[in-house]
Structures are given as C-alpha cells and as structure tokens.
Amino acid sequence: MDNVTIGILSSNQVINGKVYKSVSLDNIKYLYNKCNYISLMGYDNDEYIDNNLLSKCDGFIIPGGYDIYNYHNQVIEYALNNNKPLLGICMGMQAIGLKANNEKDEDLVIVKNHDNTMHNINIRRKSLLYKLYGSNLEVISRHNYILSHIDNPYVVGAVSDDNVIEEIEYIDREHFILGVLFHIEDMDNTSKIYNYFIKECLTRKENYNTK
C-alpha cells in the first residue's frame, strides 16, 4: 500500500555517551513492503512535532519506551481530532491511557512479575483482539507500570490472569485508537494486528478524501 504512510515515534537511545533518536526494526518488519513509514522526532523532549509533518501521515505508532513527553500527547490528540488511526505499544498504551484520564500520573501504578515474562491474556468478546484471536492469547511483557483504570470513551479489551489491563480501544467511525501493553513487535503471531491497523489507515484516508 504505497499510498499509506505510517509515522513511528522515535525514542531516545544512549550509545557511547551520546543520545540518538531510534526506531526499532522489530516494528518496521511488520510494515515493510506493506506501506510507507517515516520516523517522527523532535529535537528536544519537550518540543512538539510540526503539524505539517503529522498531516503527511495516515496513522501513527507510539512504541515502547521509558518516558512520556509532550510530543506523545500531541500525536494522541492529533489522531483523535483528525480520524488518524493510532497504535500504542506498552508505554504507548500508557500514554494513551494517561491522556484519556486527564494526565494524572497516579493512574500509573507499579506491578510485579510483568517484566520480561510470557503470560496469558483473557480477551473480551466485543474487542478488536477477540475478532482477530478469539478469547486467549499468550503475550510478551516488559513493563513495571500499568493503568489503574481507563476513562470513557475507551473500553478495556483484554486483561491478564492477575487482572492487569492489557488492551484498550476507542473505535468508531471517527476514531481508531488501539493500545496494547504487551510487545507485539517481539511476537511472531501479531501480524494480524499490524495488518488490521494498516487497513484502517487506508480505509479512513479514502473515506476522508471522498467527503
């Protein structure tokens, strides 16, 4: 789909004492030969990304990371206001949840036994994940913080056996926001999620252009 462009937010990596902006190849492998993709970055962590650049994207991915910055919230708001699909992974889902919950840091709580583990999640019937995978999925986790809850209009689509929120979504005609706490880029059975996301980017772009 050469007519679809996905913007992937970069994250900071320190190599030999220097800070670099990077994008994981593990995310790109699910987009390669399926669509165009560009890396989105600001010069500084508090800097916003030019909206003209965001307008060139048909959807966005916020991958995992360690810190949530202003530009993360900017991209979330832009996606919500412009019917651009957004996929948040791990920290990306946390950023979406905090934005939905009026950015209250206390809504992120510490969890044990979810760092570098594989475990089951229980998928709820009306969720997108259920449509793709059914009622259960084994996932890879690398996180120490979780959302205590999620405010409307978001809904919880999946929880772990110990009742951690593992997926959130806000999907209707004007919004496609999907957050997963587990690392789909490290799993070999999650191409369905990426493919569905790319398809939504194309569909919503075409519908917008025909209005």
Side-chain angles (χ1 to χ4, degrees), residues 6 26-27 30 59-65 68 72 75-77 79-80 83-204:
I6 308 297
D26 288 335
N27 267 308
Y30 285 107
F60 305 97
I61 295 176
I62 303 179
I68 298 171
H72 292 119
V75 169
I76 294 168
E77 188 169 347
L80 285 166
N83 199 4
K84 300 282 182 97
L86 170 63
L87 172 61
I89 302 169
C90 197
M91 184 275 289
M93 186 190 102
Q94 295 168 357
I96 293 169
L98 287 181
K99 182 72 174 174
N101 297 350
N102 297 314
E103 299 177 43
K104 295 179 289 187
D105 287 344
E106 59 268 27
D107 288 343
L108 274 184
V109 296
I110 295 175
V111 66
K112 296 181 179 180
N113 303 321
H114 275 250
D115 189 19
N116 290 319
T117 64
M118 293 190 68
H119 62 86
N120 177 67
I121 64 171
N122 304 298
I123 304 172
R124 297 179 176 175
R125 281 187 174 274
K126 293 185 179 180
S127 69
L128 173 60
L129 285 187
Y130 190 90
K131 179 178 180 180
L132 299 178
Y133 293 101
S135 59
N136 297 95
L137 182 66
E138 189 173 44
V139 300
I140 296 174
S141 288
R142 289 198 312 273
H143 57 265
N144 295 304
Y145 291 89
I146 61 172
L147 290 171
S148 62
H149 71 286
I150 187 70
D151 287 345
N152 291 329
Y154 290 85
V155 296
V156 175
V159 296
S160 62
D161 289 340
D162 54 350
N163 212 34
V164 168
I165 297 173
E166 294 282 348
E167 187 256 29
I168 58 174
E169 58 186 63
Y170 175 18
I171 301 174
D172 59 20
R173 291 185 63 183
E174 301 299 326
H175 308 92
F176 184 92
I177 312 294
L178 176 67
V180 293
L181 192 57
F182 47 97
H183 282 269
I184 58 175
E185 78 278 14
D186 294 338
M187 298 165 58
D188 59 10
N189 60 344
T190 47
S191 59
K192 291 180 182 180
I193 297 175
Y194 287 94
N195 291 342
Y196 197 98
F197 173 71
I198 294 170
K199 180 181 176 181
E200 283 294 319
C201 291
L202 177 62
T203 298
R204 288 166 191 262

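The structure presented is a predicted model; accordingly, all values stated were derived computationally and were not measured. Because only heavy atoms are used, hydrogens play no part in the values below, and waters and symmetry mates are left out as well, while side chains stay in. Here, residue 1 is the first one in the sequence, and each next residue gets the next number.
- Crowding of N189 atom CG: a count of heavy atoms from other residues, nucleotides or ligands under 6.0 Å exceeding 12.
- Among all heavy-atom pairs drawn from L87 and Y194, the shortest one is CD2-CE2, 4.3 Å.
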_Please determine whether side-chain contact (heavy atoms from CB on, under 4.5 Å) holds for the pair I61 and F197, giving the CA-CA distance in whole Å, both sets of side-chain angles, and the decisive distance to 0.1 Å._
CA-CA 10 Å; I61 295 176; F197 173 71; 3.8 Å; yes

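- V111 meets the side-chain contact (heavy atoms from CB on, under 4.5 Å) test with H114, H143, I146, V164; sequence neighbours excluded.
- For the residue pair S141 and H119, a side-chain donor N or O sits within less than 3.5 Å of a side-chain acceptor on the partner.
- For D161, the side-chain contact (heavy atoms from CB on, under 4.5 Å) partners two or more places apart in sequence, or in a different chain, are N120, N122.
- Distance check, rounded to the nearest 0.5 Å: CG of L128 to OH of Y196 gives 5.5 Å.
- Minimum heavy-atom separation, S127 to I123: OG-CG2, 3.2 Å.
- Listed by first and then second residue, the salt bridge (charged side-chain N to carboxylate O under 4.0 Å, His left out) pairs that reach into residues 119-135 come to none, sequence neighbours excluded.
- The CD atom of E167 lies 8.0 Å from the CD1 atom of I193; values are rounded to the nearest 0.5 Å.
- Of all heavy-atom pairs spanning M187 and V139, the tightest one is CE-CA, 3.7 Å.
- Atoms CD and CG, on E169 and L129 in that order, are 7.0 Å from each other to the nearest 0.5 Å.
- Among L137, T190, I140, D26, the single residue meeting the side chain to side chain contact (heavy atoms under 4.5 Å, CB included) criterion with I184 is T190.
- With values rounded to the nearest 0.5 angstrom, N195 atom CG is found 10.0 Å from Y30 atom OH.
- Looking at residues two or more places apart in sequence or on another chain, you find a side-chain contact (heavy atoms from CB on, under 4.5 Å) between S135 and Y130.
- Looking only at distances, no side-chain donor or acceptor of K84 sits under 3.5 Å from a matching main-chain atom of G59.
- Sequence neighbours left out, not one pair with a member in residues 111-123 passes salt bridge (charged side-chain N to carboxylate O under 4.0 Å, His left out).
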*Would you check, one step at a time, whether the test side-chain contact (heavy atoms from CB on, under 4.5 Å) holds for L181 with I168?*
CA-CA 9 Å; L181 192 57; I168 58 174; over 6 Å; no

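- The nearest pair of heavy atoms linking A79 to I177 is CB-CD1, 4.2 Å.
- You'll find the side chain of I165 reaches within 4.5 Å of the side chain of M93, heavy atoms only.
- Proximity of L178 to L86: side-chain heavy atoms (C-beta onward) are nowhere separated by under 4.5 Å.
- Under the ring-ring contact (aromatic ring centres under 6.0 Å, His included) criterion, Y133 pairs with no residue at all, not counting sequence neighbours.
- S148 and V109 get closest at one heavy-atom pair: CB-CG1, 4.3 Å.
- With sequence neighbours excluded, the residues forming a salt bridge (charged side-chain N to carboxylate O under 4.0 Å, His left out) with D186 are R142, listed by chain and number.
- Going from atom OG1 of T203 over to atom CD of E200 covers 5.5 Å, rounded to the nearest 0.5 Å.
- Here CD of E166 is found 6.0 Å from CD1 of I121. Values are rounded to the nearest 0.5 Å.
- Across all non-hydrogen atoms, the minimal contact from L147 to L108 is CD2-CD2, 4.0 Å.
- Applying the ring-ring contact (aromatic ring centres under 6.0 Å, His included) rule to pairs touching residues 153-172 yields Y154-Y170, Y170-H175, sequence neighbours excluded.
- Side-chain contact between P63 and E185 is absent, with no heavy-atom pair separated by less than 4.5 Å.
- With sequence neighbours excluded, the residues that form a side chain to side chain donor-acceptor pair (under 3.5 Å) with S160 are D162.
- Applying the salt bridge (charged side-chain N to carboxylate O under 4.0 Å, His left out) test to E77 and every residue at least two apart in sequence or in another chain returns K99.
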